Amino acid sequence: MAGSTDKREPDRGAGLSRERILEAAAQLGARDGLEKVSMRRLAQALDVWPMALYRYFDDKDALLDAVVARATDDVARPDPAAPWREQIRGLLSSAREALGGDALRLGAQLPRALLTPGAVRLADDALRVLGEAGFGAREAPRAWRTLLSYTVGFAAVGTERDADFEYGLQRLLDGLEASLPARSSGRREAVRGRP
């Protein structure tokens with residue numbers, strides 16, 4: 001580009017990679033919110049031409065999907081040896097942190113997040129835990145939707161107070177535990193009094 005003062009290289013970008021682009025997008029999102037991330041701003045942050053980004057992502061939607069998928073992939077797996085309430089609490093706390101309790105402000109992207117492989121794994125883990133706790137095939141998905149809706153709503157509102165989240169989650173778990181069939185009463189007694 002003769003005569004141009006723009007020294008960015010269209011292809012090099014000092015080791016441009018999918019991971020480096022996602023990291024830069026996450027940093028921009030943390031600073032300004034994901035809704036303000038654009039391919040042009042991201043290219044400026046990476047010191048590359050905007051077209052260089054399209055070698056890795058078809059468009060901004062694909063980029064945002066990858067950022068959200070990266071966040072949901074970070075949700076920790078539950079410890080199968082822990083009581084069911086502790087496993088569910090861990091899953092939901094980790095999901096809240098990954099999806100909304102962080103600076104990325106993923107609230108607007110939550111519908112996308114629920115379709116990622118990480119979110120599907122999260123649901124599979126939760127349904128397994130709830131099934132093992134004694135919830136039936138119809139009740140476990142309903143319980144999970146209730147718990148997930150609470151967590152997603154809390155994340156979307158952007159409230160970061162752990163005590164508030166724990167208060168609501170404790171009440172939901174208390175209600176769910178009270179609805180367990182009588183055959184699970186031994187399990188109920190084993191976890192009563194746990195956080």
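All of these numbers come straight from a predicted model, not from anything done at the bench. Heavy-atom basis, side chains included; hydrogens, waters and symmetry copies ignored.
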For E19, the side chain to side chain donor-acceptor pair (under 3.5 Å) test, sequence neighbours excluded, returns R70
Hey, does D162 have a side-chain heavy atom less than 4.5 Å from the side chain of R96?
-> yes
Would you name the heavy atoms of G134 and L180 that are closest together and state the gap between them?
-> C-CD2, 3.8 Å
Shortest non-hydrogen contact between Q170 and R89, atoms and distance = OE1-NH2, 2.8 Å
Aromatic Y167 / basic R171 pairing, under 6.0 angstrom, 45° off normal | yes
Could you tell me whether the side chain of I88 reaches within less than 4.5 Å of the side chain of L176, counting heavy atoms only?
-> no
Output for pair (L122 CG, L127 CG), nearest 0.5 Å, gives 9.5 Å
Any chance you could measure E23, atom CD, to S17, atom OG, to the nearest 0.5 Å?
-> 10.0 Å
Check against salt bridge (charged side-chain N to carboxylate O under 4.0 Å, His left out), R77 and D124 = CA-CA 11 Å; R77 303 294 301 258; D124 289 344; over 6 Å; no
Check for a donor-acceptor pair, side chain of S94 on one end and backbone N or O of G90 on the other, with a separation under 3.5 Å.
-> no
Would you give the length of the straight line joining atom CG of L22 to atom CG of L64, rounded to the nearest 0.5 angstrom?
-> 10.0 Å
Before giving the answer on side chain to side chain contact (heavy atoms under 4.5 Å, CB included), spell out for V48 and L42 the whole-Å C-alpha distance, their side-chain angles and the decisive distance to 0.1 Å.
-> CA-CA 9 Å; V48 299; L42 185 55; over 6 Å; no
What distance do R40 atom CZ and W49 atom CH2 have between them, rounded to the nearest 0.5 Å?
-> 9.5 Å
Heavy atoms only: give me the nearest L16-Y56 pair and the separation to one decimal.
-> O-OH, 2.9 Å
Does any N or O in the side chain of K60 come within less than 3.5 Å of the main-chain N or O of M39, such that one atom is a donor and the other an acceptor?
-> no
Between L63 and Y54, is a side chain to side chain contact (heavy atoms under 4.5 Å, CB included) present by the stated rule, with each step listed?
-> CA-CA 9 Å; L63 171 69; Y54 291 98; over 6 Å; no
Specify the closest pair of heavy atoms between P78 and D125, including all atoms of both residues, with the distance to one decimal.
-> CD-OD2, 3.5 Å
Taking side chain as C-beta onward, heavy atoms only, is V129 less than 4.5 Å from E86?
-> no
Verdict with supporting geometry, F57 and V67, side chain to side chain contact (heavy atoms under 4.5 Å, CB included) | CA-CA 11 Å; F57 300 97; V67 170; over 6 Å; no
Non-hydrogen atoms of L91 and V75 that approach each other most closely | O-CG1, 4.0 Å
Kindly indicate whether the side chain of E166, heavy atoms from C-beta on, has any atom under 4.5 Å from the side chain of S93.
-> yes
R31/L28 under side chain to side chain contact (heavy atoms under 4.5 Å, CB included): CA gap, chis, key distance, verdict = CA-CA 5 Å; R31 190 181 71 214; L28 279 175; 3.2 Å; yes
In short, P80 meets Q87 closest at the heavy-atom pair O-NE2, 3.6 Å
Parallel, tilted or perpendicular for W84 and F135, by the 30°/60° rule?
-> perpendicular
